[in-house]
Number of protein chains: 2
Amino acid sequence: MRITVCLTDNNRPEPWVEGLRAELPQAVVEAWTPGAAPADHAVVWAPPQQFLDEQHQLRGLFNIGAGVDALLGLRLPPRTRIVRLDDAGMSVQMAEYVCHALIRHFREFDVYEAEAREGAWSYRRPRVRGNFPVGIMGLGVLGQRVGRAIAQFEFPVRGWSRSPRQIDGIRCFHGEPGLAEFLAASRVLVCLLPLTDATRGILRRETLSRLNGGLPGGYLINVARGAHLVEDDLIPLLDSGQLAGATLDVFASEPLAPGHPFWRHPKITVTPHASARTQREESVAQIAAKIRALEAGADFETLPGVVDAQRGY
Amino acid sequence: MRITVCLTDNNRPEPWVEGLRAELPQAVVEAWTPGAAPADHAVVWAPPQQFLDEQHQLRGLFNIGAGVDALLGLRLPPRTRIVRLDDAGMSVQMAEYVCHALIRHFREFDVYEAEAREGAWSYRRPRVRGNFPVGIMGLGVLGQRVGRAIAQFEFPVRGWSRSPRQIDGIRCFHGEPGLAEFLAASRVLVCLLPLTDATRGILRRETLSRLNGGLPGGYLINVARGAHLVEDDLIPLLDSGQLAGATLDVFASEPLAPGHPFWRHPKITVTPHASARTQREESVAQIAAKIRALEAGADFETLPGVVDAQRGY
């Protein structure tokens, strides 16, 4: 069995090659170079089309992230299946990131810290938790974990997904018909959707201005993909007060350009795509376990994280 | 039955009087004025000695906070028992406050935000969660709730209390003999202790420098009372790097004096005693339920939150 590793964006392939060799001693594991022998399985991040064109016998295309949008525009070999990471330490990081942003906004800790820098011992009237329902778009592994974490802090939690879901503690909406009601019933919006043709640009003036029953004071947390947000729509909504703020970890173009207005807008918190990093050791172990199962005869349909290429996630 | 309300520190008594009248229509409820008729029960925050000297027949002394240290130095009428709030919406706020401070430090979101203000898209190597065990001092209602919230984010959790405890998911230590081992096994220290003669000044050079096995990098979160900390010991520990930072909500003297060095120290986050506010409606309902039970013949020992005056909490 031959496994190839093809990573871009500053991800060094060597530690992945070494980790996979240790986990799968019977396999030949190498970093991809153009023209190398075709592999049975590949571990990739945003590979070039040329890489895929060479892989005549590729079965599993293992993406080292949860979002596979970078693969969906490519031509795949005929029998290749895409497999995404199903958790690998990312959901706890996502729960941390979202809870930190939510609590910081709800409790106004950013305001307290700014006042403390001026040496001011201030009093702010506590806000009512029931007035801060949190709506999660995307109810997969990450969305459900984030929902559980938020519920623990006693915020009302709503969820929205393409198909109907029933999840304890989350009031669930679904599909295009449920979207307006979901948005109106949410004050803080958390985007954890996969990026597909159906979700590109879903965060725009028309949708974001429905938050909080259409009243001012909504808040956006985007930890999915920059292309979910129509960036030009955000600043007018913040400047008019319709939205009270936004925490953004992802951007249409990354790294965010030096002069981009998001950097210094007082109501926007920018982080550099840091909400949930792929953890190599856990990811290697997870991918190796799936390859072992496939080589032992398991069908792709039995593995967690196999992507429905038509649906896009 | 007569109930009196005696509050200091900017707490207006009127809403408490109205709330208690609505809950207990058979009672005479009034704000205390010197020389008023003695009451059967009192609802208080830091009352003067004169108030207690007049209460010859007082049974229940209901404190509108979780910490009763302000009452313990006073002479009480002979049959009076102190009752503290047992939760009343405070534990979820405490869990929020501590998780926000912990995540902010662990994930270095303060550093990311500072870099973002300079327009810098940075990469920071993720820290290992297992290297950030969190130690909670005080394992009452608040400490246990905070421990559960932290465990959900998969940090190792340790706890320390006066007497032995067994709590799922928390490695428990107790008493003076267990203190050194508890401190060494904790990197982030959360103080939720009651303030008593045994705990005053417990956060000092000698104890804080044992955190993290004595290695640099410990972090302090104090949400109990300012007098738990020997304030003069903190800044040298931060300046030498032995401690990496501190989040402080309580201070020996409040409001924190305008020129106090804590305000502008780069490794200290100051909040104005805002970690958990008493929520009046929930507190009134809780106190009224306890008064009803007592008037129906219940013994103080059966009520949650009755203080052992000798122990101090």
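Chain letters run A, B, ... following the sequence lines, proteins first, then strands; residues in each count from 1.
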Exercise. Does a sphere of radius 6.0 Å around CD in Glu281(B) hold more than 12 heavy atoms from other residues, nucleotides or ligands, not counting ones at 6.0 Å or beyond?
Worked result: no
For this session: Side chain from CB out, backbone as N, CA, C, O: work out which of these in Pro255(A) comes under 4.5 Å of a heavy atom of chain B, or both, or neither.
Result: both
Problem set entry | Expected output: side-chain Arg277(A) to main-chain Arg125(B) donor-acceptor under 3.5 Å | no
For this session: Anything in residues 140-150 of chain B with a heavy-atom distance to chain A below 4.5 Å? Please list those residues in order.
Result: Arg145(B), Arg148(B), Ala149(B)
Exercise. What orientation do His100(A) and His100(B) show, parallel under 30°, tilted 30 to 60°, or perpendicular over 60°?
Worked result: parallel
Exercise. Contact part of Phe262(B) toward chain A, heavy-atom cut-off under 4.5 Å: side chain, backbone, both or neither?
Worked result: neither
Problem set entry | chain A interface, residue from Pro258(B), Gly259(B), Ala95(B) that has the most non-hydrogen pairs under 4.5 Å | Ala95(B)
Problem set entry | 4.5 Å side-chain heavy-atom contact, Pro272(B) and Tyr123(A) | no
Seminar exercise, completed: Interface check, chain B: of Glu115(A), Arg129(A), Arg124(A), most non-hydrogen pairs under 4.5 Å belong to Arg129(A)
Problem set entry | Interface moiety of His273(B) toward chain A, non-hydrogen atoms closer than 4.5 Å | both
For this session: Heavy-atom pairs under 4.5 Å with chain B are the metric here; pick the option from Val92(A), Thr271(A), Leu102(A) that has the most.
Result: Val92(A)
Exercise. Is a donor on one side and an acceptor on the other found under 3.5 Å between the side chain of Arg107(A) and the backbone of Ala274(B)?
Worked result: yes
Seminar exercise, completed: Given Phe153(B), Tyr112(B), Phe106(B), the one with more heavy-atom pairs under 4.5 angstrom with chain A than any other is Phe153(B)
For this session: Output yes when a side-chain donor or acceptor of Arg264(A) lies under 3.5 Å from a complementary backbone atom of Arg117(B), and no otherwise.
Result: yes
Seminar exercise, completed: Okay, Ser122(A) and chain B: the region with an atom under 4.5 Å from a heavy atom over there is both
Seminar exercise, completed: The interface call for Ala120(A) against chain B, heavy-atom contacts under 4.5 Å, is backbone
Problem set entry | Nearest heavy-atom neighbours spanning Trp121(B) and Trp263(A) | N-CH2, 3.6 Å
Exercise. For Asp239(A), does the CG atom sit with more than 12 other heavy atoms under 6.0 Å from it, leaving out its own atoms?
Worked result: yes
Exercise. Are any of the side-chain heavy atoms of Arg104(A) and Phe109(B) separated by less than 4.5 Å?
Worked result: no
Exercise. Side chain, backbone, both or neither: which part of Glu113(A) has a non-hydrogen atom closer than 4.5 Å to chain B?
Worked result: side chain
For this session: Tell me, for Gln93(A) versus chain B, whether the close heavy atoms (under 4.5 Å) come from the side chain, the backbone, both or neither.
Result: both
